[in-house]
Structure formats: structure tokens, C-alpha cells
Amino acid sequence: MEDYYPVVKVAAVQASPEYLDRDATVEKACGLIDKAGREGAKLVAFPEAFIPGYPWWIWFDEPAAGIPFFMKLYKNAVTIPGAAVQKLSGAAKRNGVYVSISVTEKDGASLYLTQLWFNPNGDLIGKHRKLKPSGAERYIWGEGDASMMPVFDTEIGRLGGLECWEHMVPANMMLMMKKNEQIHVQAWPSCFPQQEHLFSNYPLEMGAKAYSIINQVYSVVASQIYTEQMRDLLCTTEKQREIMHPGYGMTMIVDPSGRVMSSVPRDEEGICYAQLDLTILIAGKFLSDPAGHYSNQSLRLIVDEDPRPPVTVTGKAEEQVIRYEELQKMEG
């Protein structure tokens, strides 16, 4: 019997969070999962930093000016396990769908930009932490490592994902290519309104399409949009308000030739859907597989997937507690 390549319906969400409110944003996310599930989607993809929202203030002023907003973000970050993860798990299981959702994760005392993956049973099957936060994002999030660059072999295809500018980094692309992903979730924030900006719609949309062409994958591209509420909360000058015009999303589903199969209007919330025929990927691999037959052995990428914790504790310290009763028995 020949190998089976499914046709699968996927969904890309374009929405704004309930800004810096983890619990309300989780409720919104679960409602969107329910909606996509009713439409027959088997994979639901969310934007970058959706829970509880992207830290836009980092681009407005010097770092210390954003500390009050950082404190709010910190208090609304997602811990694993925790109530937010529990509810997202329930939504995935209730609808029998895969879910990829990007959150600000709190691990220990630090924050990370993390893409969580749930399967239709509601299991948290893995996570990807952004390897290198972009520019001023480094004031907010720590770094990930290659131990959290998963591709999941599932009944609907091989699923992987990256966040924002990671799609422009050739080493990231090569690793995901080596893992032979077929459906790729691209999580993005909103785009900058200024056309000359590197983070504006045109260059980001071109990069998203290029990823599909180079890696020969379907890309499920999900982005946020700005809202007036976010603008009023974060902006104190007209110059800052110009950066946050409401809207400016880029949500779309892209085929391996870079063509847009479906999309959400730039300035609206919504969900777009597409039927992905994985058989189409075979022809692309006939022409190009830079991590396989279309490679050259003199050019190699070596990836270390061992976890790289900054502090490793070995052994076990002895308990130092002396109970009250024991202390009171001691003779002076």
C-alpha cells in the first residue's frame, strides 16, 4: 500500500488580545477555537504573544519607561502547568483539534516568548521558545534553545512553527527543513503602519511567503491587529499613536508556491480557512530539498539539541530545618 497524504482543513486567527489580561484573553482564545472547530478545522493557529498581548511599549521609549507595563505583563504571564493551559487544553479536546498558540511564558522568575502546541486529546505535546528575541524584545523575553524546536508527526501531517522574525533566519529555516515539516504555523504580531519600516506589511508578508517557497511547506500565518484600546493605554504622544494605527494584520494561508489561498482583511478580526492537500508537497521535493538531495556536503549546519539551562543543580542539599519542639528541648 502506498503512503497516505491527507487533505486537511486549517484555520488562521487574526485577532487582538484582551490586552494584558491573561484570563480574558484565554476565554477569547477558547471561543475562537470553538468557532474554528465548528467550521471543521483540524488545526487552529494563533498570533505571536497572543496571551496576554505583545509588549508594544518597547518600541516607544527608553527601557525603564516601560517597567509599569512590564509588571502588568509579568502578573499576567502563563505558567506551565496552570489554569490558562488547562483551559486551552480543554478547548482543544472539546473540538478535537490541534492548537498552536503563542504566549508570554513565566518560568522561574523570567519570561519567554513561547509557542504552545496541543493535540486533539487536549495534551500539551510540546512548545517552542523564540531562540533570539528581536531587538528591544530582549528587554522582555529570555532566549530559547534548539531543544525546543519541535516538529510533530501527526495524522494530519508534520506540524511545526516559529515566531515572527525567526522566519528570516536561515539557520532556523534549515533546521525546520531537516525535520521535514509539512504544515508550518507562522506566529506574528501586528505590522508597523509606516511603509518604509522593515516591520511593515510588505516585507513581513514577503518573508512569510518566501518561507513557504524555500521550505516547501504550507504556511498558516496568524497575526494580531492594533486596537484603539491598546493605543489609548500605551501611547502618550502623537508620534507614538502614529505607530499604532488600528488594524495592520497579515493573516493568511500560503501554499508552497507562495500563493495566498485565503486571508483576513488587514484591519479586521476574523479567521481564514483553507484545505491543504499534502500530496502537492511531493512535486516540490522533487525539485528542491536543501536539507537532503539539494545540499552540498561542504556546507553543513550543526545543531545542538541538548537543553542549555543557565544553572544546573546536582546532588541534594541536606534539610536545614530544626523543628520548634526540638529547639525548645535544647538546654541553654
Side-chain angles (χ1 to χ4, degrees), residues 7-17 28-29 31-50 53-54 97-102 115 156-157 159-168 173 181-195 197-227 230 244-278 280-281 284:
V7 177
V8 57
K9 187 174 184 177
V10 300
V13 172
Q14 179 161 290
S16 62
K28 182 172 185 175
L32 291 165
I33 294 168
D34 289 340
K35 183 177 181 180
R38 289 193 297 271
E39 294 295 327
K42 298 303 180 184
L43 167 66
V44 186
F46 282 86
E48 180 181 56
F50 190 68
Y54 186 88
V97 298
Y98 287 91
V99 175
S100 174
I101 186 164
S102 175
Q115 201 174 34
I156 66 168
L159 312 178
L162 295 173
E163 301 174 281
C164 194
W165 205 259
E166 290 188 308
H167 294 94
M168 313 295 198
M173 299 170 73
E181 62 177 350
Q182 296 170 313
I183 303 173
H184 178 83
V185 172
Q186 299 195 27
W188 294 84
S190 312
C191 305
F192 279 19
Q194 296 75 22
Q195 292 186 9
H197 202 290
L198 193 58
F199 294 167
S200 64
N201 279 80
Y202 182 79
L204 297 189
E205 289 171 13
M206 291 303 101
K209 294 173 183 177
Y211 187 95
S212 274
I213 297 169
I214 295 168
N215 278 37
Q216 280 300 289
V217 296
Y218 288 100
S219 284
V220 188
V221 183
S223 79
Q224 296 188 33
I225 56 172
Y226 303 114
T227 65
M230 293 159 58
M244 293 194 72
H245 285 291
Y248 286 88
M250 55 174 283
T251 297
M252 56 187 171
I253 299 171
V254 183
D255 74 11
S257 65
R259 292 182 176 87
V260 176
M261 303 176 70
S262 65
S263 63
V264 179
R266 188 193 69 178
D267 299 333
E268 301 176 9
E269 290 199 344
I271 305 175
C272 62
Y273 302 90
Q275 296 276 0
L276 311 185
D277 183 354
L278 299 194
I280 300 298
L281 301 175

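Count residues from 1 along the sequence.
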Residues Ile271, Leu32; criterion side chain to side chain contact (heavy atoms under 4.5 Å, CB included); working and verdict: CA-CA 8 Å; Ile271 305 175; Leu32 291 165; 4.1 Å; yes

Test log, rule salt bridge (charged side-chain N to carboxylate O under 4.0 Å, His left out), inputs Arg266 and Glu205: CA-CA 11 Å; Arg266 188 193 69 178; Glu205 289 171 13; over 6 Å; no

Chi angles and distances behind the side chain to side chain contact (heavy atoms under 4.5 Å, CB included) call for Ser200, Gln194: CA-CA 6 Å; Ser200 64; Gln194 296 75 22; 6.0 Å; no

Chi angles and distances behind the side chain to side chain contact (heavy atoms under 4.5 Å, CB included) call for Gln275, Lys9: CA-CA 4 Å; Gln275 296 276 0; Lys9 187 174 184 177; 3.9 Å; yes

Worked verdict on Ser16 versus Lys28 for side chain to side chain contact (heavy atoms under 4.5 Å, CB included): CA-CA 9 Å; Ser16 62; Lys28 182 172 185 175; 3.8 Å; yes

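With hydrogens and angles ignored, the 3.5 Å screen pairs no side-chain donor or acceptor of Glu163 with any backbone N or O of Ala187. Side chain of Tyr202 to backbone of His197: no donor-acceptor contact under 3.5 angstrom is found. No donor-acceptor pair under 3.5 Å is formed between the side chain of Thr251 and the backbone N or O of Ala12.
The OG atom of Ser190 lies 8.0 Å from the CD atom of Gln14; values are rounded to the nearest 0.5 Å. Within the model, atoms OG of Ser257 and OH of Tyr218 stand 8.5 Å from one another, a figure rounded to the nearest 0.5 Å.
Partners of Tyr211 by ring-ring contact (aromatic ring centres under 6.0 Å, His included), not counting sequence neighbours, listed by chain and number: His167, His184. With sequence neighbours excluded, no residue forms a ring-ring contact (aromatic ring centres under 6.0 Å, His included) with Tyr248. Considering only residues two or more places apart in sequence or on other chains, Gln182 meets the side chain to side chain donor-acceptor pair (under 3.5 Å) condition with none of them.
Contact record, Gly207 with Met168: CA-CE, 3.6 Å, taken as the closest heavy-atom pair. For the residue pair Ala15 and Phe50, the shortest heavy atom distance occurs at O-CE1, 3.6 Å.
Screening Val221, Val10, Ile253 against Cys272 for a side-chain contact (heavy atoms from CB on, under 4.5 Å) leaves a single residue, Ile253.
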